[in-house]
Amino acid sequence: MLAVKGRASWLAARTADTAAFTSLTAAEVRGWWLPEVIPHPVFAAVPIGERYPERRGLLICRRPRPVPAEAFKGLRITTGAETLLAAARDLGLLDLVILGDSALHLGHCTLEELQLTAAQRRRGAPQLRATLPLLDRRSESPWESVMRVLHVAAGIEVEPQKKIYDSFGRFVARADLWLVGTQRIHEYDGDVHRERQVHRNDLARDRRLIEIDWQRMGYTSPQLLNEGASIIASADRCSDAAGTASDWRVGKFC
């Protein structure tokens with residue numbers, strides 16, 4: 001982030017006031033999520049006719065008119081919706097979902113703004129339109145987004161950030177992902193969950209869930225990337241037992 005901001009600051013001093021950083025450069029300045037760092041040049045949007053420096057590692061998108069932009073942390077960057085549209089030209093669907101979840105979660109744009117931006121006849125708009133139904137501002141980390149999309153792609157109904165209470169109405173836990181209609185939750189376990197105090201708190205939380213007959217399944221990032229089939233098979237068995245699975249889901253019996 002510091003390296004990106006340093007290069008961007010250098011460029012900002014050498015471009016017109018109508019230029020703005022965009023795509024992954026703007027996303028990094030904003031602190032949006034990605035599961036892994038993606039090497040990329042500095043992305044900037046400049047109106048046609050404006051001068052700009054030519055430098056290795058700089059990718060300029062020339063626009064017929066100034067793009068929607070705003071000041072952020074001392075730099076001029078494109079708005080949240082415009083940043084996602086620019087990123088949609090280069091990113092795959094899952095990476096774009098992660099960026100979009102982050103933008104919504106941080107309040108850097110709204111779903112309505114994304115819908116208006118995606119309706120334009122511009123490069124990246126079809127990919128952004130395909131992404132919108134998968135976005136959810138309730139996601140709290142990139143791997144939660146990955147886990148949710150894995151379930152949604154398999155046709156399993158889930159609800160993020162489910163609040164769980166006992167029979168007396170006392171709060172027990174808030175779960176990353178609830179398998180709707182069951183008493184099963186799926187959660188992402190990052191490295192922070194191995195820290196001593198966090199681990200102790202997790203164990204106490206797990207015991208409280210067991211006491212009210214809820215089951216928690218925790219998954220690491222390698223499992224989400226490499227063991228998706230077994231995760232979904234387990235979710236299917238749980239849904240079958242609860243009577244919530246669809247017998248006609250494509251591929252279920254393949």
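The basis for the numbers below is simple: all heavy atoms, side chains too, and nothing from hydrogens, waters or symmetry mates. Fair warning: this is a prediction, and the values are worked out from it, not measured in the lab.
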>> For a side-chain contact (heavy atoms from CB on, under 4.5 Å) check, start with the C-alpha distance between L150 and I156, then their side-chain angles and the critical distance, and finish with the verdict.
In response: CA-CA 9 Å; L150 173 65; I156 295 175; over 6 Å; no
> Checking side-chain contact (heavy atoms from CB on, under 4.5 Å) for the pair F72/T79: CA distance, chi angles, key distance, verdict?
Replying inline: CA-CA 10 Å; F72 191 92; T79 62; over 6 Å; no
>> Could you go through H105 and W33, starting from their C-alpha distance and side-chain angles, then the distance that decides it, and tell me whether this counts as side-chain hydrogen bond (donor to acceptor under 3.5 Å, both in side chains)?
In response: CA-CA 10 Å; H105 180 76; W33 309 325; over 6 Å; no
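One hydrophobic cluster, built from ILVMFWY side chains closer than 4.5 Å, holds both L93 and L24. Note on L106 and W143: same hydrophobic cluster, where clusters join Ile, Leu, Val, Met, Phe, Trp and Tyr whose side-chain heavy atoms are under 4.5 Å apart, directly or indirectly.
Panel note: side chain S139, backbone D136; no donor-acceptor pair is recorded below 3.5 Å. With S234 contributing its side chain and I231 its backbone, the two residues share no donor-acceptor pair below 3.5 Å.
Under the salt bridge (Lys or Arg N to Asp or Glu O under 4.0 Å) criterion, R170 pairs with D166, sequence neighbours left out. Every residue meeting the side-chain contact (heavy atoms from CB on, under 4.5 Å) condition with A26, not counting sequence neighbours, appears here in chain and number order: I77, T78, T83. Under the side-chain contact (heavy atoms from CB on, under 4.5 Å) criterion, R196 pairs with R200, not counting sequence neighbours. In terms of the salt bridge (Lys or Arg N to Asp or Glu O under 4.0 Å) criterion, D202 has no residue partners (sequence neighbours excluded). Every residue two or more places apart in sequence or in another chain that forms a salt bridge (Lys or Arg N to Asp or Glu O under 4.0 Å) with E70 is listed here: R30. R207 meets the side-chain contact (heavy atoms from CB on, under 4.5 Å) test with L203, A204; sequence neighbours excluded. Among residues two or more places apart in sequence or in another chain, the side-chain contact (heavy atoms from CB on, under 4.5 Å) test is passed with R216 by I185, E187, D189, R205, D206, L209.
Looking only at side-chain heavy atoms (C-beta outward), V172 and Y165 stay at 4.5 Å or farther from each other. Proximity of I98 to V146: side-chain heavy atoms (C-beta onward) are separated by under 4.5 Å at one or more points. Between W32 and H108, some side-chain heavy-atom pair lies under the 4.5 Å cut-off.
Each salt bridge (Lys or Arg N to Asp or Glu O under 4.0 Å) pair with one or both residues in residues 173-185, not counting sequence neighbours, appears once here: E140-R174. The salt bridge (Lys or Arg N to Asp or Glu O under 4.0 Å) contacts involving residues 103-118 comprise nothing, where partners must be two or more places apart or lie in separate chains. Under the salt bridge (Lys or Arg N to Asp or Glu O under 4.0 Å) criterion, the residue pairs touching residues 144-163 are D101-R148, with sequence neighbours excluded. Under the side chain to side chain donor-acceptor pair (under 3.5 Å) criterion, the residue pairs touching residues 122-135 are E82-R122, Q120-R122, with sequence neighbours excluded.
Taking CZ of R89 as the reference point, atom CG of L85 lies at 5.5 Å (rounded to 0.5 Å). One distance of note links OG of S167 with CD1 of I212; it measures 8.5 Å at 0.5 Å rounding. Rounded to the nearest 0.5 angstrom, L128 CG and Q115 CD are separated by 10.0 Å. Atoms OG and CG, from S145 and L96 in turn, are 11.5 Å apart once rounded to the nearest 0.5 Å. Atom CE of M147 sits about 10.0 Å away from atom OH of Y188, to the nearest 0.5 Å.
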Cut-off 3.5 Å, no hydrogens considered: what does the side-chain donor-acceptor table look like for residues 217-226, sequence neighbours left out?
| from | atom 1 | to | atom 2 | distance (Å) |
| --- | --- | --- | --- | --- |
| T220 | OG1 | Q223 | OE1 | 3.3 |
| Q223 | OE1 | T220 | N | 2.9 |
| N226 | ND2 | P222 | O | 3.1 |

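Summarising the geometry of A20 relative to A69, their closest heavy-atom pair is CB-CB, 3.7 Å, with the distance given to 0.1 Å. Nearest heavy atoms, G31 versus S102: O-OG, 4.5 Å.
Taking the ring centroids of W178 and H186, they lie at or beyond the 6.0 Å cut-off.
Checked options L94, L104, L34, L135; the residue passing with L99 is L34 (criterion: side chain to side chain contact (heavy atoms under 4.5 Å, CB included)).
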